[in-house]
Amino acid sequence: MIMESKVVFVGAGNMAEAIVSGMVAAEFCEPEKIIMTDVRPERLKDLEAEYGVSVSTDNGVIQNAEIVVLSVKPQVMDAVLREIAPFLREETLVVSIAAGISCAKIEASLKGERRVVRVMPNTPALVGQGAAALAAGAHADEADLEVAEAILQCVGLTVRVEENELDAVTALSGSGPAYVFYLIEAMLAAAEQMGLSPNVSRTLAVQTVEGVARLMRDSGESATVLRERVTSKGGTTEAAIRSLDASGVKAAIVKALHAAKTRSEELSNG
Ligand SMILES: NC(=O)c1ccc[n+]([C@@H]2O[C@H](COP(=O)([O-])OP(=O)(O)OC[C@H]3O[C@@H](n4cnc5c(N)ncnc54)[C@H](OP(=O)(O)O)[C@@H]3O)[C@@H](O)[C@H]2O)c1
């Protein structure tokens, strides 16, 4: 147990649940000190029963919070910021996980010198394996970043970046899980064509991706070195890599990340 503060999550969706479940498991604070708000009472009832957290359909409960985590969809953020502004205490730290909503926008909507930390999490947070990047707003200090890190570290690892790097982070790790699923989809389609059963293919593909990630982390080697090590001259892997190169797959992936970054910039600029 490392925190005595009351933490309010505004918006009790998938990402908020993932983070809260990690906080409860890590004994970040007493569960009842976590308050989740949402527009869906049924959803809140389930979360209360599952995690022992406090719940409310009234976003005004943020007036009791030391930390507010904004976890609604970006589309409703404007309305939510307007709604909570009158209730927010001056000293409350605001952590936002909403994609594309700048610290400056949040600071301006909430008025005053608000301490804001912006976070880009990703979906492996659902299983405690998230990768989150954090950026401080104009008035947030080291202690604020540490608090936000402590929350996000309940569901994975964190890195610090400058806010202007968050569009690139979105393209890399925010959307990143989808690229890996896309690769697995293609591998499984090929395995099916080759006659392997779906169960066997899924088991082998999932373990391969997990093993690759662990090998890269544990060895500290670059992806290039590790790839070259499994690519013997004249072998099967070389045949596959040659085919990928001939189809321009690496260039296509690079282009895809640039497209994601551009889209993130467009969304941020409204
Ligand atoms: N999921 C991801 O992979 C991911 C990754 C990075 C960042 N994020 C960010 O995380 C945030 C949450 O994403 P999510 O996937 O968890 O979304 P989500 O499941 O849709 O959760 C948002 C929740 O907020 C509720 N809500 C709507 N208006 C509200 C209001 N005025 N007050 C309180 N609650 C309200 C929604 O209810 P209704 O459904 O009834 O509207 C929903 O339960 C987003 O801003 C997203 O950009 C998500």
Side-chain angles (χ1 to χ4, degrees), residues 7-23 34-48 50-51 53-63 65 68-88 94-103 105-106 109-110 116-135 148 151-152 154-159 161 163 165-182 260-261 263-270:
V7 188
V8 177
F9 282 77
V10 178
N14 296 321
M15 196 46 85
E17 178 177 1
I19 297 169
V20 165
S21 101
M23 289 169 76
I34 301 173
I35 304 158
M36 302 183 80
T37 77
D38 204 279
V39 288
R40 296 179 293 163
E42 286 312 305
R43 167 87 179 145
L44 291 175
K45 236 184 180 172
D46 291 348
L47 293 167
E48 185 178 26
E50 177 80 25
Y51 303 107
V53 295
S54 308
V55 297
S56 177
T57 51
D58 176 8
N59 287 335
V61 293
I62 61 149
Q63 64 193 334
V68 168
V69 181
L70 298 172
S71 44
V72 288
K73 288 270 191 229
Q75 302 89 285
V76 298
M77 188 60 95
D78 261 340
V80 165
L81 288 170
R82 269 198 307 275
E83 185 190 345
I84 66 171
F87 299 103
L88 197 65
V94 177
V95 177
S96 169
I97 64 166
I101 309 284
S102 69
C103 290
K105 187 182 167 92
I106 296 168
S109 304
L110 296 176
V116 178
V117 174
R118 205 177 138 194
V119 180
M120 173 48 63
N122 69 2
T123 50
L126 296 167
V127 291
Q129 295 293 323
L134 291 84
I151 292 173
L152 270 300
C154 294
V155 287
L157 65 77
T158 60
V159 297
V161 296
E163 191 177 9
E165 295 174 305
L166 279 177
D167 292 315
V169 165
T170 303
L172 178 65
S173 55
S175 303
Y179 317 149
V180 179
F181 291 130
Y182 188 88
K261 178 172 180 279
R263 185 66 189 133
S264 178
E265 287 161 356
E266 284 166 5
L267 291 171
S268 305
N269 297 331

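In listed order, ligands and their atoms are each counted from 1. The basis for the numbers below is simple: all heavy atoms, side chains too, and nothing from hydrogens, waters or symmetry mates. Owing to the predicted nature of the structure, the values given are computational and were not obtained by experimental measurement.
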**Student:** Around atom 23 (C) of ligand 1, find the nearest protein heavy atom and jot down its residue, atom name and distance.
**Tutor:**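 Protein heavy atom at minimum distance: D38 OD2, 3.5 Å.
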**Student:** S71 side chain to G11 main-chain N or O, any donor-acceptor pair under 3.5 Å?
**Tutor:**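 A pair under 3.5 Å: yes.
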**Student:** For the side-chain contact (heavy atoms from CB on, under 4.5 Å) test, which of T37, I35, L70, I84 pairs with I62?
**Tutor:**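 Looking at T37, I35, L70, I84, the match for I62 under the side-chain contact (heavy atoms from CB on, under 4.5 Å) is I84.
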**Student:** Run the contact test for K73 against ligand 1 with a 4.0 Å cut-off on heavy atoms, strictly below, and give the result.
**Tutor:**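 Right, K73 reaches ligand 1.
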**Student:** Considering only protein heavy atoms, which is closest to atom 24 (O) of ligand 1, and at what distance to one decimal place?
**Tutor:**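 Result: G11 CA, 3.4 Å.
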**Student:** Just let me know how I97 lines up against ligand 1, side chain, backbone, both or neither, with a heavy-atom cut-off below 4.0 Å.
**Tutor:**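 For I97, backbone and side-chain atoms both sit under 4.0 Å from ligand 1.
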**Student:** What distance separates I101 CD1 from D78 CG, expressed to the nearest 0.5 Å?
**Tutor:**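 With rounding to 0.5 Å, CD1 (I101) is 6.5 Å from CG (D78).
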**Student:** Side chains of V161 and L166: closer than 4.5 Å at any heavy-atom pair?
**Tutor:**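 Contact flag for V161/L166 side chains = yes.
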**Student:** What do you reckon, does G174 put a non-hydrogen atom under 4.0 Å from ligand 1?
**Tutor:**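 Heavy atoms of G174 never come under 4.0 Å of ligand 1.
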**Student:** Mark yes when over 12 heavy atoms from residues, nucleotides or ligands other than Q63 sit less than 6.0 Å from its CD; otherwise mark no.
**Tutor:**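 Check passes, neighbour count above 12.
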**Student:** Around atom 18 (P) of ligand 1, find the nearest protein heavy atom and jot down its residue, atom name and distance.
**Tutor:**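 In this structure, atom 18 (P) of ligand 1 has G13 CA, 3.9 Å as its nearest protein heavy atom.
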**Student:** Among protein heavy atoms, which lies nearest atom 31 (N) of ligand 1, and at what distance?
**Tutor:**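 Among all protein heavy atoms, the one nearest atom 31 (N) of ligand 1 is V80 CG2, 3.4 Å.
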**Student:** Which atoms form the tightest heavy-atom contact between N122 and G130, and what is the distance?
**Tutor:**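 That would be OD1-CA, 3.4 Å.
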**Student:** Which residues pass the salt bridge (charged side-chain N to carboxylate O under 4.0 Å, His left out) test with R43, sequence neighbours left out?
**Tutor:**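 Once residues adjacent in sequence are excluded, the partners of R43 under the salt bridge (charged side-chain N to carboxylate O under 4.0 Å, His left out) criterion are E17.
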**Student:** Give yes if a backbone or side-chain nitrogen or oxygen of M15 is under 3.5 Å from a nitrogen or oxygen of ligand 1, and no if not.
**Tutor:**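 Min N/O separation from ligand 1 is below 3.5 Å for M15.
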**Student:** Quick test of your reading of the model: are R263 and E266 salt-bridged, counting only N-O distances below 4.0 Å?
**Tutor:**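 Looking at E266 together with R263, the answer is yes, because their closest N to O distance falls below 4.0 Å.
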**Student:** My understanding is that we take every heavy atom of each candidate and find the minimum distance to atom 39 (O) of ligand 1. Doing that for R40, Q75, E83, which one comes out nearest?
**Tutor:**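 Looking at heavy atoms only, R40 sits closest to atom 39 (O) of ligand 1.
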**Student:** To the nearest 0.1 Å, how far is atom 19 (O) of ligand 1 from its closest protein heavy atom, and which atom is that?
**Tutor:**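 Of the protein heavy atoms, N14 N, 3.1 Å lies nearest.
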**Student:** Would you check whether V10 has a nitrogen or oxygen atom less than 3.5 angstrom from a nitrogen or oxygen atom of ligand 1?
**Tutor:**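 It does not: no N or O of V10 is found under 3.5 Å from an N or O of ligand 1.
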**Student:** Would you mind reporting whether V68 and L88 have side-chain heavy atoms less than 4.5 Å apart?
**Tutor:**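 Side chain of L88 against side chain of V68, heavy atoms only: contact under 4.5 Å found.
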**Student:** Quick one: which ligand 1 atoms are inside 4.0 Å of a heavy atom on T123?
**Tutor:**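 Near T123, meaning under 4.0 Å from one of its heavy atoms, ligand 1 has 2 (C), 3 (O).
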**Student:** Is any side-chain heavy atom of I19 closer than 4.5 Å to one of F9?
**Tutor:**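 They are in side-chain contact.
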**Student:** So do the side chains of V94 and V117 get within less than 4.5 Å of each other, counting heavy atoms only?
**Tutor:**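 No. Closest side-chain heavy atoms not under 4.5 Å.
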**Student:** Give yes if a backbone or side-chain nitrogen or oxygen of A99 is under 3.5 Å from a nitrogen or oxygen of ligand 1, and no if not.
**Tutor:**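 Yes - when backbone and side-chain N and O of A99 are compared with those of ligand 1, one distance drops under 3.5 Å.
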**Student:** Answer side chain, backbone, both or neither: which part of N59 comes under 4.0 Å from ligand 1, heavy atoms only.
**Tutor:**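 It is the side chain that gets close, since no backbone atom is under 4.0 Å.
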**Student:** Are S268 and S102 side-chain neighbours, meaning at least one heavy-atom pair lies under 4.5 Å?
**Tutor:**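 Heavy-atom side-chain distance check fails, nothing below 4.5 Å.
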**Student:** Heavy-atom contacts with P74 under 4.0 Å: which atoms of ligand 1 show up? List them by number with element.
**Tutor:**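 Those of ligand 1 that fall under 4.0 Å from P74 are 44 (C), 45 (O), 47 (O).
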**Student:** Which atoms of ligand 1 are found less than 4.0 Å from any heavy atom of M120?
**Tutor:**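 In order of numbering, the contacting atoms are 6 (C).
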**Student:** Could you find the nearest protein heavy atom to atom 29 (C) of ligand 1 and give me its residue, atom name and distance?
**Tutor:**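 In this structure, atom 29 (C) of ligand 1 has V39 CG1, 3.7 Å as its nearest protein heavy atom.
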**Student:** Checking contacts here: is it the side chain or the backbone of S71 that comes within 4.0 Å of ligand 1, counting heavy atoms only? Could be both or neither.
**Tutor:**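 The answer is the backbone of S71.
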**Student:** Should the proximity of E17 to ligand 1, defined as any heavy atom under 4.0 Å, be assigned to the side chain, the backbone, both, or neither?
**Tutor:**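 For E17, no heavy atom sits under 4.0 Å from ligand 1.
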**Student:** Note the single closest protein heavy atom to atom 11 (C) of ligand 1, along with its residue, its atom name and the distance in Å.
**Tutor:**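 Here the closest protein heavy atom is V72 O, 3.6 Å.
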**Student:** Quick one: does any side-chain atom of S109 pair with a main-chain N or O of K105 as donor and acceptor, under 3.5 Å?
**Tutor:**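 Indeed, once roles are kept as given, a pair shorter than 3.5 Å links the two residues.
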**Student:** Students should be able to answer this: which protein heavy-atom is nearest to atom 6 (C) of ligand 1, and at what distance?
**Tutor:**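 Heavy-atom neighbour on the protein nearest atom 6 (C) of ligand 1: P121 O, 3.3 Å.
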